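Written out below as structure tokens is the structure these notes cover.
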Amino acid sequence: ADVAFIPPMIAMVASAASAAAPAIASAGSAIGGISANAAGLGSTLLTAGGSLLEGVAAQRAADYNAKVSNIQARQSAEQGALAASEVSRQLNQRLAGGRAAAAQSGFENSGSVNDLLKQVERAGITDMMTAVYDGRTRAAAARSTATAQKAAGSNALWGGVMGAGAQAMSGMSDFYKRQGAMQLTV
């Protein structure tokens, strides 16, 4: 999610609050009760800004976690490939050792010796495929986690934006209600 609008928004809210605070406070000293309204408005703006910052921080944390999960996905796939390579190397050694032992014992590379070597080869190929599959499965799980973390980060950001908006609207509503009540009593 593009969050470039958030820092200017926070700056605008902070600027408006700091610019309005002296005027509201001086008016509050002239008319009783307005300073309480100003404090309430300032509190609302700070709470809204805090909600917004919380959403941004949660999104950044989720994005970081998603990057870590994507790195883990690549590592898992690479580990699977390396494990398959090691199984292949060991298989070639076993087959070569089996052929050498059969030849040294006077057996030809046929019949039951050949059947036994083919069985060893099939088992080795199965082990290689399992290593690759395991790596791919772990990689897919890590990519799925990364996707979920990105979505959670986006949701947290929008939750912060919506929370800030709701708090600002509620605070402004309270402010105007109190302003209206004061005008009736003055």
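Keep in mind that what you see is a predicted model, and the values were worked out from it rather than measured.
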Taking the side chain from Ser170 and the backbone from Ala166, do they hold a donor-acceptor pair closer than 3.5 Å?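 No; zero donor-acceptor contacts below 3.5 Å.
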When clusters are formed by joining ILVMFWY residues with side-chain heavy atoms under 4.5 Å apart, either directly or through shared neighbours, do [X] and [Y] land in the same one?
{"X": "Phe107", "Y": "Leu95", "result": "yes"}
{"X": "Leu157", "Y": "Met162", "result": "no"}
{"X": "Val87", "Y": "Val132", "result": "no"}

Take Leu116 and Ser112 through the side-chain contact (heavy atoms from CB on, under 4.5 Å) test and state the conclusion after the steps. CA-CA 6 Å; Leu116 181 61; Ser112 60; over 6 Å; no
Kindly give the heavy-atom pair with the smallest separation between [X] and [Y], and that separation in Å.
{"X": "Ala84", "Y": "Ala131", "result": "N-CB, 3.7 Å"}
{"X": "Ala164", "Y": "Ser51", "result": "N-OG, 3.5 Å"}
{"X": "Ser154", "Y": "Gln59", "result": "N-CG, 4.3 Å"}
{"X": "Leu117", "Y": "Gly98", "result": "CD2-CA, 4.0 Å"}

Review item, side-chain donor-acceptor pairs of residues 69-82, under 3.5 Å, at least two apart:
from  : atom 1 : to     : atom 2 : distance (Å)
Ser69 : OG     : Asn65  : O      : 3.2
Ser69 : OG     : Gln149 : OE1    : 3.0
Asn70 : ND2    : Ala66  : O      : 3.4
Ser76 : OG     : Gln72  : O      : 3.0

Applying side chain to side chain donor-acceptor pair (under 3.5 Å), can you list everything that pairs with Gln90, at least two apart in sequence or on another chain?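 Here the qualifying residues are Glu86.
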Going by side chain to side chain donor-acceptor pair (under 3.5 Å), name the residues that satisfy it together with Gln93, two or more places apart in sequence or in a different chain.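 So Gln93 forms a side chain to side chain donor-acceptor pair (under 3.5 Å) with Arg89.
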List for me each residue that meets salt bridge (Lys or Arg N to Asp or Glu O under 4.0 Å) alongside Asp63, sequence neighbours excluded, and say none if there are none.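 Checked Asp63 against salt bridge (Lys or Arg N to Asp or Glu O under 4.0 Å); matches are Lys150.
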Result block: side-chain N/O donor-acceptor pairs under 3.5 angstrom for residues 121-128, not counting sequence neighbours:
from   : atom 1 : to     : atom 2 : distance (Å)
Thr126 : OG1    : Arg122 : O      : 2.9

So, using side-chain contact (heavy atoms from CB on, under 4.5 Å) as the criterion, who are the partners of Lys67 when residues are at least two apart? none
Take a 6.0 Å sphere around CZ of Arg136 and say whether it holds more than 12 heavy atoms from other residues, nucleotides or ligands.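 Atom CZ in Arg136 is not crowded, with 12 or fewer foreign heavy atoms closer than 6.0 Å.
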